[in-house]
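First up is the structure itself, then whatever we jot down about it.
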Amino acid sequence: MDYKNLAIRTVSGAILVTLIVAATMMSGWYFAALFGLIAILTTHEFMNINGMARWKSWTAAIASLAMFLLPMVGIKYTVWIAAVWILILVGMFAMELWLKADDPIRNWGIFALSQLYVALPFTLMHILQINSEISMVLVLFVMIWVNDTFAFLTGSFLGRHRMFERVSPKKSWEGFVGGNIFTLAAAFILWLLYPRTFDLCEWFIVAEIIVIFGTLGDLVESLMKRTLGLKDSGHIIPGHGGMLDRFDSAILAAPMLYAVILIINSL
């Protein structure tokens, strides 16, 4: 066992978890600062691994930040920030006329996907953070961490049947079930602590949505890396890889969590 790498991984993971918990608990500009930075770095990384030029990567990152900030500014600034986002999006599409790239459609698609796949989920997290009685973003991450931890432990001891071996050879159906059970247990504890937020059935629905789409988010990012011939999406987090490696589950789970909360609140 590589104890040095394990120690680095443990320390960097603990720091990241501490920052996320602190930002979601303090909320406001603390949350905006940390998650805005995460949105910038994740967008830049997504563009970078897809072979986009550095200036395109940072332009996409600025567009992601503009979208991310929309939920917390007044109507006057919302108009200006939305205008900046639209100008960047349209400008990047028109720019391909002068760049004379071999495959402009691919460039358009990657830039648009950076906003749909990365910027939108972080923006929805921001909306959840602002409008929830308790931090649903913290709930999202806690359930993802519980699911990942116990899916790994259960899969390590009992895993026999692979989910998508072509994409992720280590993920098993036994691990998925194990992570699911413990995440439902976490939902039960949250119901005891916050019974007025959701009833027990609704907490279980929230847990299932996070487990299913968090797992799919991990698999989708694995598929992307395999397609691109990459082991990790980056090296910014020591021992853990890149930003996409750490936030892949939340990227797919956050929009679905937002949708199911809207449905629950409308009933």
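Hydrogens, waters and symmetry mates are skipped; everything else that's a heavy atom, side chains included, is used.
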Sequence neighbours excluded and cut-off under 3.5 Å, please list the side-chain donor-acceptor pairs for residues 12-22, or say none.
{"unit_1": "S12", "atom_1": "OG", "unit_2": "I8", "atom_2": "O", "d": "2.9"}
{"unit_1": "S12", "atom_1": "OG", "unit_2": "R9", "atom_2": "O", "d": "3.2"}
{"unit_1": "S12", "atom_1": "OG", "unit_2": "P238", "atom_2": "O", "d": "2.5"}
{"unit_1": "T18", "atom_1": "OG1", "unit_2": "A14", "atom_2": "O", "d": "2.7"}

Answer yes or no: are there more than 12 heavy-atom neighbours, outside W55 itself, under 6.0 Å from its atom CH2?
yes

What about Y30 and I130, same hydrophobic cluster or not, with Ile/Leu/Val/Met/Phe/Trp/Tyr joined at side-chain heavy-atom distances under 4.5 Å?
no

Please work out which of the three classes, parallel, tilted or perpendicular, describes the rings of H126 and F68, given edges at 30° and 60°.
parallel

Would you find a donor on one side and an acceptor on the other, under 3.5 Å apart, between the side chain of E202 and the backbone of D199?
yes

Side chains of T24 and Q129, donor plus acceptor under 3.5 Å
no

Quick check: are there more than 12 heavy atoms from other residues, nucleotides or ligands sitting under 6.0 Å from CD1 of I105?
no

Which class fits the ring pair Y117 and F46: parallel under 30°, tilted 30 to 60°, perpendicular over 60°?
tilted

Considering all heavy atoms, the nearest M143-A207 contact
SD-CA, 3.7 Å

Over all atoms of both residues, closest heavy-atom pair of Q115 and A60:
NE2-O, 3.2 Å

Mind checking whether L158 and F164 sit in one hydrophobic cluster, side chains of I, L, V, M, F, W, Y counted as touching below 4.5 Å?
no

W191: partners by side chain to side chain donor-acceptor pair (under 3.5 Å), with sequence neighbours left out:
none

For the side chain of W108 and the backbone of F93, is there at least one donor-acceptor N/O pair under 3.5 Å apart?
yes

Ignoring hydrogens, what is the shortest heavy-atom contact between F31 and A23? Give both atom names and the distance.
CB-O, 3.6 Å

Correct closest heavy-atom pair for S132 and L128 would be OG-O, 2.6 Å

Side chain to side chain donor-acceptor pair (under 3.5 Å) partners of N180, counting only residues at least two apart:
E208

Using the rule given for side-chain contact (heavy atoms from CB on, under 4.5 Å), can you reason through T183 versus F150, listing the C-alpha separation, both sets of side-chain angles and the distance that settles it, and then say yes or no?
CA-CA 9 Å; T183 308; F150 287 99; over 6 Å; no

For D232, does its backbone N or O pair with a side-chain atom of K225 as donor and acceptor, under 3.5 Å?
no

Considering all heavy atoms, the nearest S114-M47 contact:
CB-SD, 3.8 Å

Straight-line distance of L41 CG to L65 CG, nearest 0.5 Å
10.5 Å

Looking at H161, is its backbone amide N or carbonyl O close enough to the side chain of E174 to form a donor-acceptor pair, meaning the two atoms are under 3.5 Å apart?
yes

Just by distance, with hydrogens left out, do S233 and E45 show a side-chain donor and acceptor under 3.5 Å apart?
yes

Are more than 12 heavy atoms, taken from residues, nucleotides or ligands other than M25, located less than 6.0 Å from that residue's CE atom?
no

Do V84 and L87 land in one hydrophobic cluster if side-chain heavy atoms of ILVMFWY residues count as linked below 4.5 Å?
no

Can you get from I110 to L223 by hopping between Ile, Leu, Val, Met, Phe, Trp and Tyr side chains that sit under 4.5 Å apart?
yes

N50 and R106 have their tightest heavy-atom pair at O-NH2, 2.8 Å

Distance-only, no hydrogens or angles: does the T149 side chain make a donor-acceptor pair with backbone N or O of V146 under 3.5 Å?
no

Just distance, no hydrogens or angles: give the donor-acceptor pairs under 3.5 Å from side chains in residues 210-221, sequence neighbours left out.
{"unit_1": "T215", "atom_1": "OG1", "unit_2": "V211", "atom_2": "O", "d": "2.7"}
{"unit_1": "D218", "atom_1": "OD2", "unit_2": "K171", "atom_2": "NZ", "d": "2.9"}

Partners passing side chain to side chain donor-acceptor pair (under 3.5 Å) against H235 (at least two apart in sequence or in another chain)
none

Taking the side chain as every heavy atom from C-beta outward, state whether I88 and F111 have any pair of such atoms under 4.5 Å apart.
yes

Is L244 close to I49 at the side-chain level, that is, under 4.5 Å between some pair of heavy atoms?
yes

Just wondering, do M95 and K56 contact through their side chains at under 4.5 Å, heavy atoms?
no

Do any N or O atoms from the side chain of N48 and from the backbone of H44 form a donor-acceptor pair under 3.5 angstrom?
no

Are F188 and L184 packed together at the side-chain level, in the sense that at least one heavy-atom pair is separated by less than 4.5 angstrom?
no

Indicate, with yes or no, if L116 and L252 share a hydrophobic cluster defined by side-chain heavy-atom contacts under 4.5 Å among Ile, Leu, Val, Met, Phe, Trp and Tyr.
yes

Which hydrophobic side chains are connected to W80, either touching it within the sub-4.5 Å cutoff or through other members that do?
none

Would you please classify the geometry between the W173 ring and the F176 ring as parallel, tilted or perpendicular, with 30° and 60° separating the classes?
perpendicular

Does F152, at its CZ atom, have more than 12 non-hydrogen atoms belonging to other residues, nucleotides or ligands within less than 6.0 Å?
no

Would a 4.5 Å heavy-atom cut-off, applied to side chains only, mark V139 and Y194 as touching?
no

Counting neighbours of OH on Y258 that are heavy atoms of other residues, nucleotides or ligands and sit closer than 6.0 Å, is the number greater than 12?
no

